[in-house]
Amino acid sequence: MTPSRTDSAPSPLVKAVIPAAGLGTRFLPATKATPKEMLPVVDKPAIQYVVEEAARAGLQDVLMITGRNKVALEDHFDRHWELEQALEAKGDDRRLQRIRKSATLGNIHFVRQGEPLGLGHAVLCAQAHVGDQPFAVLLGDDLIDARDLLLEQMIAVQQAKGGSVVALMEVPPEQTHLYGCAAVEETDEPDVVRITGLVEKPDPADAPSNLAIIGRYVLDPSIFGVLEQTPPGRGNEIQLTDALQERAAASGEGAGVHGVVFRGRRYDTGDRLDYLKAVVRLAREHKELGDDFSAWLEDYVAELRDADRTPSATSR
Ligand code: G1P
């Protein structure tokens, strides 16, 4: 049975953990000397969207789990005095505000993973910083639209029900092998499910459902003790999904896992094709560039259609 926290007030959530130690091999050579988290999505590095999402949800203590070649992340979330002075001297207030913003989103801390032993191991590296409070984990490959309050809803579910909470999204069955997949039971709240089982990247025939974990978690700190005991799984890596499977099957303090089924706007930046789609979709939503970009895009698509109809036509 999922323990409830009606007996004592839930611990407030203040900390977010952002694993950012991956090598970014899918984006080589762009990521040879630049962390993949720093690739621009329109006009901000991908990681800034994630830190802004955490800050909106009230999580202003952010721990990034990094590795070698990630110094640019520390620089991005720090002040840049020379640049600020140059912009100040020019009276370029707009750009000044933009470059200061990333340094004022919260208290950002860094710890290195050391060895690439998997997402579960990356989360375990946060143990000393997080302590014994529930905390959020945000994976940088998934961007959630700022208008969709997924993390806020997950935090509310965790505070009401205890245990851990994962974000789920329906995906086409042929894509389940790319994600952790959940077996679920309904609860009396719409789009909140109880998780009865989790499998990391199952073969399509073994997928318990087409509900995939997307990169948002709110975790009970008891996950750390479980991660310490979790052997390498899929891909010979210590998998967060495997530790959560243990929590889902267990009872007692901190056990139980719920899922929030997300039906909003998610932008996947995990590989080159998805990244390009994310850039186009977010460019259309951009406050300053959106209208002009959308108008150009419509013309361009019309031009491509015309070119298809008249094969000899050339496009710009
Ligand atoms: C990780 C998790 C997986 C989850 C996915 C979401 O996999 O292991 O369970 O579904 O993130 O993006 P990765 O994409 O890092 O291989």
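In listed order, ligands and their atoms are each counted from 1.
For a threshold of 3.5 Å applied to N or O pairs, the pair formed by E200 and ligand 1 contains at least one separation below that value. Taking distance alone, with nitrogen or oxygen atoms compared against 3.5 Å, G180 approaches ligand 1 more closely than that limit.
Counting the atoms of ligand 1 from 1 in the order shown, those under 4.0 Å from a heavy atom of D142 are 6 (C), 12 (O). Close approach to T241 involves these atoms of ligand 1, each under 4.0 Å from a residue heavy atom: 9 (O). Close contacts between ligand 1 and Q239 involve ligand atoms 8 (O) [criterion: under 4.0 Å to a heavy atom].
Protein heavy atoms are absent from the 4.0 Å sphere centred on atom 15 (O) of ligand 1.
Looking only at protein heavy atoms, the nearest one to atom 6 (C) of ligand 1 is I213 O, 3.4 Å. The protein non-hydrogen atom at the shortest distance from atom 13 (P) of ligand 1 is K201 NZ, 3.6 Å.
Under 4.0 Å is where a charged nitrogen must lie from a carboxylate oxygen, and between R56 and E152 no such pair does. Between R305 and D308 there is no salt bridge, since none of the side-chain N atoms of the basic residue sits less than 4.0 Å from a carboxylate O of the acidic one.
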Open item on the list: Checking R234 against D203 for the salt bridge (Lys or Arg N to Asp or Glu O under 4.0 Å) test, could you report, in this order, the C-alpha distance in whole Å, the side-chain angles of both residues, the deciding distance, and whether it holds?
Closed with: CA-CA 11 Å; R234 193 54 131 175; D203 296 330; 3.4 Å; yes
- [ ] I would like to know whether E288 and R98 meet salt bridge (Lys or Arg N to Asp or Glu O under 4.0 Å); could you show each step before the answer?
- [x] CA-CA 13 Å; E288 290 161 22; R98 278 194 203 150; 3.1 Å; yes
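Under 4.0 Å from ligand 1, the heavy atoms of L139 that appear belong solely to its side chain. Looking at D141 against ligand 1, nothing comes within 4.0 Å, counting heavy atoms.
Between the side chain of R194 and the main chain of E186, no donor-acceptor pair closer than 3.5 Å is present.
Annotation: E115, atom CD; neighbour count of heavy atoms from other residues, nucleotides and ligands within 6.0 Å does not exceed 12.
Remark: the S294 side chain and the R284 side chain contain an N/O donor-acceptor pair separated by less than 3.5 Å.
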